[in-house]
Amino acid sequence: MAKKPSLPKGTRDFSPQEVAKRLYIMDTIKSSFQLYGFQPIETPSFENSETLMGKYGEEGDRLIFKILNSGDYLNKVDEELFSLKDSAKLTPKISEKALRYDLTVPFARYVVQHQNEIIFPFKRYQMQTVWRADRPQKGRFREFCQCDADVVGSNSLWQEVELVQLYDDVFTKLKLEGCTIKINNRKILSGIAEVIGADDKLVDFTVALDKLDKIGEEGVKKELLEKGITGQAIKKLQPLFSFTGNNEEKLISLSQLLNTSDTGKKGIEEIVFVIKNIQSLGLKSSKIELDVTLARGLNYYTGAIFEVSAPENVQIGSIGGGGRYDDLTGIFGLKGVSGVGISFGLDRIYLVLEELQLFPKKVLENTKVLFINFGEAEALYAMQAITKLRKEGITAELYPDADKMGKQMAYADKRQIPYVVLAGGNEIEAKTFTLKRMKNGEQEVLTMDKLVNFLL
RNA sequence: GUGGUUGUAGCUCAGCAGGUUAGAGCGCUAGAUUGUGGUUCUAGAGGUCGCCGGUUCGAAACCGGUCUUCCACCCCA
């Protein structure tokens with residue numbers, strides 16, 4: 001007896017219905033990417049370990065899936081190293097490749113390798129699977145698809161403006177209204193750290209601040225103290241905790257807080273540019289909101305930071321994120337190429353659309369008409385008609401076996417095929433087709449031409 | 001990686017403090033209905049109780065391990 005098969009943790013199969021819905025989202029995103037002038041590229045699902053390792057911080061390295069070398073890989077490890085049982089030292093000896101962890105770092109590698117062919121500024125999009133050895137949770141998997149759009153080779157803040165529009169465009173097309181596009185700027189965070197005298201603890205500071213909506217003011221303060229930020233410094237942060245009002249009001253109080261920091265002022269300038277221009281251009285269904293606590297993906301962002309929250313009535317993490325990174329390709333030896341990009345979380349958008357029942361019914365439609373099979377001669381008559389229908393682009397199929405009609409009908413019903421054609425001896429003789437509407441059971445007799453016209 | 005949680009029929013779940021042949025609803029198959037699906041009625045099939053080991057006269061139930069699910073932390077889409 002074969003053992004029941006199973007899937008590795010955090011992976012999934014997709015049914016035809018699920019694939020149809022995923023393709024609907026991906027096609028929507030893709031069409032907007034193309035509308036904004038982004039071009040698609042693809043990179044391998046695995047890279048050399050050294051390309052990925054160390055690019056996502058310590059935490060990231062742990063979450064990268066490593067691929068074991070081929071052949072007798074243990075035999076090549078020297079005894080001493082092996083007996084030390086030091087995973088960090090042993091791993092590079094037995095694993096030289098790793099699964100893609102995101103699309104940004106492979107893209108940076110791509111830009112560096114193809115720098116002489118690329119026409120800058122280069123706008124590329126990429127929709128591919130990535131893998132993380134994380135513990136799964138709701139909307140969190142070990143294998144999932146990322147949909148990224150990035151621009152490299154331009155410092156213009158108009159890119160940021162366009163990317164906000166792009167988010168709005170996609171969510172509008174998906175009928176997902178009321179998303180909040182949160183925006184912040186790394187320079188503002190640096191400025192704050194500078195002002196409170198904690199520049200050296202920037203990451204600790206921002207990670208703690210990022211949790212404000214989750215653990216509250218007291219929680220953040222507690223974490224800051226634990227990380228060694230002084231009580232006096234925390235006091236200076238007080239304005240941030242009572243940060244309310246619209247974007248303009250927030251910017252005014254930020255300016256006061258940061259008036260001694262050049263970096264901070266630069267950050268405010270950048271944010272003002274983006275927000276002001278977005279307001280002039282208008283958004284269709286999303287809101288833009290300045291959020292000084294936003295700090296995610298800080299490892300390489302240097303300017304703008306984006307994150308998109310689903311409408312308030314849906315409990316799920318962010319459905320997209322992105323930002324500006326001034327020197328992403330620097331890690332691969334190409335200095336001075338700035339990039340900015342955004343990412344859509346396909347799996348999470350799926351969950352949100354499902355919860356809000358926003359998938360159009362059309363997405364699940366497939367075959368439009370099923371021909372009942374009455375036997376050899378009748379099947380040929382049906383196939384001739386089906387061939388003509390398909391020529392017109394109408395999805396049609398023949399039930400493959402001459403089973404009892406009830407069974408064939410039930411099949412059409414279960415597959416939600418809206419029309420059934422019955423063509424037996426009588427119809428063949430009269431050169432007609434009996435068309436049945438499954439919705440209400442009504443039937444009518446049609447000629448071939450009329451059948452085509454009806455189904456078009 | 002840390003702490004917790006879940007696993008019984010295809011699906012959703014019952015199963016009282018360990019005790020005979022483990023149940024329900026939905027779904028599935030067949031028939032009532034030999035050119036008509038969705039409703040109804042009748043009959044039927046389907047379970048190594050996640051897996052391995054232990055305690056016990058006896059384990060779906062108790063204990064340990066393991067895998068899986070979901071949740072919190074970490075981090076993140």
Side-chain angles (χ1 to χ4, degrees), chain A residues 1-12 15 25 29 56-64 87 100-104 127-148 203 206-208 210-211 214-215 219 223 294-299 306-310 315-323 341-352 370-375 378 399 402-428 434-443 445:
Chain A
M1 267 291 258
K3 221 179 128 191
K4 250 191 197 169
S6 64
L7 284 175
K9 187 198 296 207
T11 66
R12 303 146 295 162
S15 67
I25 299 173
I29 295 173
Y56 310 99
E58 220 175 292
E59 190 70 18
D61 283 358
R62 206 193 76 213
L63 298 177
I64 291 173
S87 300
R100 185 166 59 207
Y101 176 87
D102 75 351
L103 300 178
T104 308
M127 305 171 88
Q128 290 189 277
T129 311
V130 303
W131 294 268
R132 294 185 187 177
D134 207 358
R135 276 220 191 162
Q137 280 179 40
K138 185 176 183 182
R140 247 175 126 160
F141 308 94
R142 303 181 96 177
E143 177 183 72
F144 61 99
C145 183
Q146 278 193 335
C147 310
D148 278 24
V203 172
T206 50
V207 166
D210 189 48
K211 295 179 192 162
K214 215 172 190 175
I215 59 178
E223 184 161 333
L294 182 60
R296 303 203 160 185
L298 199 68
N299 282 327
F306 301 113
E307 181 172 298
V308 184
S309 304
Q315 286 287 319
I316 195 154
S318 63
I319 55 174
I342 56 172
S343 178
F344 289 83
L346 173 67
D347 294 284
R348 292 199 177 169
I349 293 172
Y350 182 104
L351 291 171
V352 172
L370 177 79
F371 282 66
I372 299 293
N373 188 333
F374 288 104
E378 294 90 340
Y399 189 91
D403 285 339
K404 280 164 62 176
M405 194 169 16
K407 196 170 172 187
Q408 299 191 42
M409 282 291 181
Y411 177 79
D413 192 43
K414 271 182 248 174
R415 282 205 35 206
Q416 297 189 55
I417 296 171
Y419 299 102
V420 164
V421 165
L422 296 91
N426 298 340
E427 282 88 350
I428 293 175
T434 299
L435 179 80
K436 177 180 168 116
R437 239 182 259 255
M438 293 303 276
K439 201 169 147 191
N440 52 20
E442 281 171 16
Q443 291 184 195
V445 180

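Per chain, numbering begins at 1; letters A, B, ... match sequence-line order. Atom set for the values below is all heavy atoms of this structure, side chains included, hydrogens, waters and symmetry mates excluded.
- Between A:K214 and B:C73, a side-chain N or O to OP1/OP2 separation shorter than 4.0 Å is present.
- Among all heavy-atom pairs drawn from A:W131 and A:E143, the shortest one is NE1-OE2, 2.9 Å.
- Only the C1' atoms considered, B:A59 is 33 Å distant from B:A72, to the nearest whole Å.
- Taken together, the paired segments of RNA chain B that extend over three or more consecutive Watson-Crick or G-U pairs, each closer than 3.5 Å at both contacts, are B:1-4 with B:70-73, B:10-13 with B:23-26, B:28-32 with B:40-44, B:50-54 with B:62-66.
- Of all heavy-atom pairs between A:D347 and A:C145, the closest is OD2-N, 3.5 Å.
- Note on A:N426: a base of the nucleic acid sits closer than 4.0 angstrom, heavy atoms only.
- A:S343 and A:D148 get closest at one heavy-atom pair: OG-OD1, 2.8 Å.
- Rounded to whole Å, the separation between the C1' atoms of B:U12 and B:U56 comes to 34 Å.
- At the heavy-atom level, A:G10 lies under 4.0 Å from the strands shown only through sugar-phosphate atoms.
- When rounded to the nearest whole Å, the span between CZ of A:R132 and P of B:C74 equals 17 Å.
- Between the side chain of A:E427 and the base of B:G35, at least one donor-acceptor pair of N or O atoms lies under 3.5 Å.
- On a pure distance criterion of 3.5 Å, no polar donor-acceptor pair joins the side chain of A:R135 and the base of B:U69.
- Residue-level contact check: A:S318 touches the backbone only, with heavy atoms under 4.0 Å from sugar-phosphate atoms and none from bases.
- The shortest distance between the side-chain N/O atoms of A:K211 and the OP1/OP2 oxygens of B:C74 is below 4.0 Å.
- Without hydrogens or angle criteria, A:R348 side chain to A:S318 main chain gives a donor-acceptor distance under 3.5 Å.
- A pairwise comparison of heavy atoms in A:A310 and A:V352 identifies CB-CG2, 3.9 Å as the closest pair.
- For A:R100 and B:A77, the CZ to C1' distance is 14 Å, given to the nearest whole Å.
- B:C67 atom P lies 11 Å from atom CZ of A:R142, rounded to whole Å.
- In this entry the distance linking CD of A:Q137 with P of B:G1 reads 15 Å, nearest Å.
- The OH-P distance, from A:Y56 to B:C75, rounds to 18 Å in whole Å.
- Note on A:L346: nothing from the nucleic acid sits closer than 4.0 angstrom, heavy atoms only.
- Position along RNA chain B of the nearest nucleotide to A:P8 versus A:D134 favours A:P8 as the more 5'-ward residue.
- Between the P atom of B:U68 and the CZ atom of A:R12 lies a distance of 16 Å, rounded to the nearest Å.
- For the pair A:K9 NZ and B:G50 P, the interatomic distance rounds to 19 Å; values are reported in whole Å.
- Across B:U8 and B:U48, the matching C1' atoms stand 12 Å from one another, rounded to whole Å.
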For nucleotides 36-45 of chain B, read 5' to 3', which letter fits each nucleotide if B means a protein heavy atom sits under 4.0 Å from the base, S means only the sugar-phosphate is that close, and - means neither?
BBB-------
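- Heavy atoms of A:E59 sit under 4.0 angstrom from at least one base atom.
- Comparing A:G60 and A:K404 along RNA chain B, the residue whose closest nucleotide (by nearest heavy atom) sits nearer the 5' end is A:K404.
- Between A:V130 and A:F144, the closest side-chain pair of non-hydrogen atoms falls below 4.5 Å.
- Straight-line distance between the P atoms of B:U39 and B:G35: roughly 23 Å, to the nearest whole Å.
- The shortest non-hydrogen separation linking A:D210 to A:A295 is OD1-N, 3.4 Å.
- Spacing of C1' atoms, B:G7 relative to B:G15, comes out at 15 Å, to the nearest Å.
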For residues 413-427 of chain A, please give each side-chain donor-acceptor pair under 3.5 Å, one per line with the distance, not counting sequence neighbours.
residue : atom : partner : partner atom : Å
A:R415  : NH1  : A:E397  : OE1          : 3.4
A:R415  : NH1  : A:E397  : OE2          : 3.1
A:R415  : NH1  : A:Y411  : OH           : 2.8
A:R415  : NH2  : A:T367  : OG1          : 3.2
A:R415  : NH2  : A:E397  : OE2          : 3.0
A:E427  : OE1  : A:G424  : N            : 3.0
A:E427  : OE2  : A:T434  : OG1          : 2.6

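- The main-chain N or O of A:G375 is found under 3.5 Å from a side-chain atom of A:N373 such that the two form a donor-acceptor pair.
- A:D61 has its CG atom 15 Å from the P atom of B:G1, to the nearest Å.
- Across B:U40 and B:G23, the matching C1' atoms stand 25 Å from one another, rounded to whole Å.
- Residue side chain A:F344 fails the stacking definition with respect to B:A77, as its ring centre and the base's six-membered ring centre are not both under 5.5 angstrom apart and under 30 degrees in plane angle.
- Of the P atoms belonging to B:G1 and B:C67, the separation is 9 Å, rounded to the nearest Å.
- Looking at A:D403, its side chain never comes within 3.5 Å of a backbone N or O of A:Q408 through a donor-acceptor pair.
- B:G27 and B:G54 have their C1' atoms separated by 38 Å, with the value rounded to a whole Å.
- The only option from A:K9, A:R140, A:R142, A:R62 that meets the salt bridge (charged side-chain N to carboxylate O under 4.0 Å, His left out) definition with A:D134 turns out to be A:R140.
- Scanning both residues, A:Y399 and A:L370, for their nearest heavy atoms gives N-CD1, 3.8 Å.
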